[in-house]
Amino acid sequence: MKRFFKRVADLFFVLLPHINISMALFMLTLLVTDFFNRAMAFINNNITKGMLFVFCILILTEAIHDVIQHRKK
Amino acid sequence: MNGNNENKPKRRFPWYVLVLSDILLTGVLLCTFSYFHHVRMLWGIGVPDSGADGIHRFEKPDDAGTGAPAESGISDVPEGHVEHELGSDGRCTVCGVEMLDLSGDFGASFPQVFIQNDDRVSLSDNSQIEDYAAENGLSLREDPEGEYIALYRSHDIFMTVQEISTTLDHSAWPHPYDVQYYIYDIYVRNIDNIFSSYTTGSRDFAENLMNRTENQLFVDIIAAVNGDYMGNLNHCLLCERNGDILRGSPDYIEADICVLYYDGTMQTITPDEYDWEAIAEKNPYQIWNFGPGLIDEDGKAVKSFDPNDYDYNIVDSSHPRTSIGYYEPGHYNFVIVDGRSDDSHGVRMSHLAEIQEKLGCKAAYNLDGGDSTQGFFGDTVIRDAESRTDQRKLFDLICVGEV
């Protein structure tokens, strides 16, 4: 069981940078479109705020994981 | 066995597969976002959701508007009085008998402006309009920079459209710029003569919205301008059309709202002033949620707008604009400003407020602008998105018409 969770965790940390890249591109796209048309509220809406929250958590997770890995080395 | 697996070389994807998968995942995120931001949330307004306090519809009360005044109370009618003298209130100044039709919600407030029978007059030439007004004792607003392009007069409606071409000089711009705007001056006998044409489904061209409303409500639309683009859930948290609450937000609003009550009064309300109980008590007929409000409590143009609700791009840039103004119950205006063209640059929000202040409005409210700014008079397009090849589809219009 422990091994299974370890595999899932490994897979998660392999995928995490790609998820973060995609989330960052997603946020950048919204920022640019919002610059051209603020009235559509691409940034100032609950969906984007939720996505931003998730993005922050994922970034924090990856950063902490990297720091730990780096210290192990 | 396990040791053998761990010693196997790890299979790595080529770099371009990783890049493509990242881009694909970004695309999936954007598509999912668009679905919930544009499609499902914008257009999913067919059924009243919460309603405000469970109220989904406000009915017109029997005593809406100012109504016909009571008998004049003149008791000492001189003997031999035969010929009545018309007073400004539509009654004989001597005996008080009604000489004009004072019926309707606001018929007694300005009886002279309406035709007394079922005739309808529609004119589109400036000199003809001025002559007609002079012959019929109608006062028209004079502006050296403007000319009248439309007049409509019937038993229930008196309306003119004036086109103003002017040059503005603003410190933020290196040189003066031209602006064209249109003032719809509107008198209605009943509050029902102002109504909304809207769709709770997919947005549609303004002409289609008007045709559908005419067929469904059996009305004859004389003029229309765009509303607040009510399908945009990100802005429009509270929405009432023709007495129906389409979307309720009894707890809070995020931007100014404009409420037209059944008694003909109109009020702009900021998020800080918002009190649903007070609004519901006064029986609202239409509620628009876009803004900002343009006139303060003292009747002066609002100079600055809350940056939390209205950001720089919306307020301080010159755009085509649409606004609704209120003078007194039964007397309103629409001001639509052309823009983004060589003939007209558009205006900033503060200038739109100044225009409404000069017109003498007690309350005025900005509606959706940009390419949404569209105005019609009968079959004539007063302002459309001329700079674009495609006309923008709309969710709603504010109409003036025969009912």
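- Among B:T26, B:L29, B:L30, B:L25, the one residue that satisfies the side-chain contact (heavy atoms from CB on, under 4.5 Å) test with A:L25 is B:T26.
- Heavy-atom neighbours of B:D342 CG from other residues, nucleotides or ligands within 6.0 Å: at or below the threshold of 12.
- Taking the six-membered ring where the residue is Trp, A:F26 and B:F33 present perpendicular rings, their angle passing 60° and hence far from 30°.
- Among all heavy-atom pairs drawn from B:H37 and A:I47, the shortest one is N-CD1, 3.8 Å.
- Contacts of A:M51 with chain B are made by side-chain atoms alone, with heavy-atom separations under 4.5 Å and no backbone atom involved.
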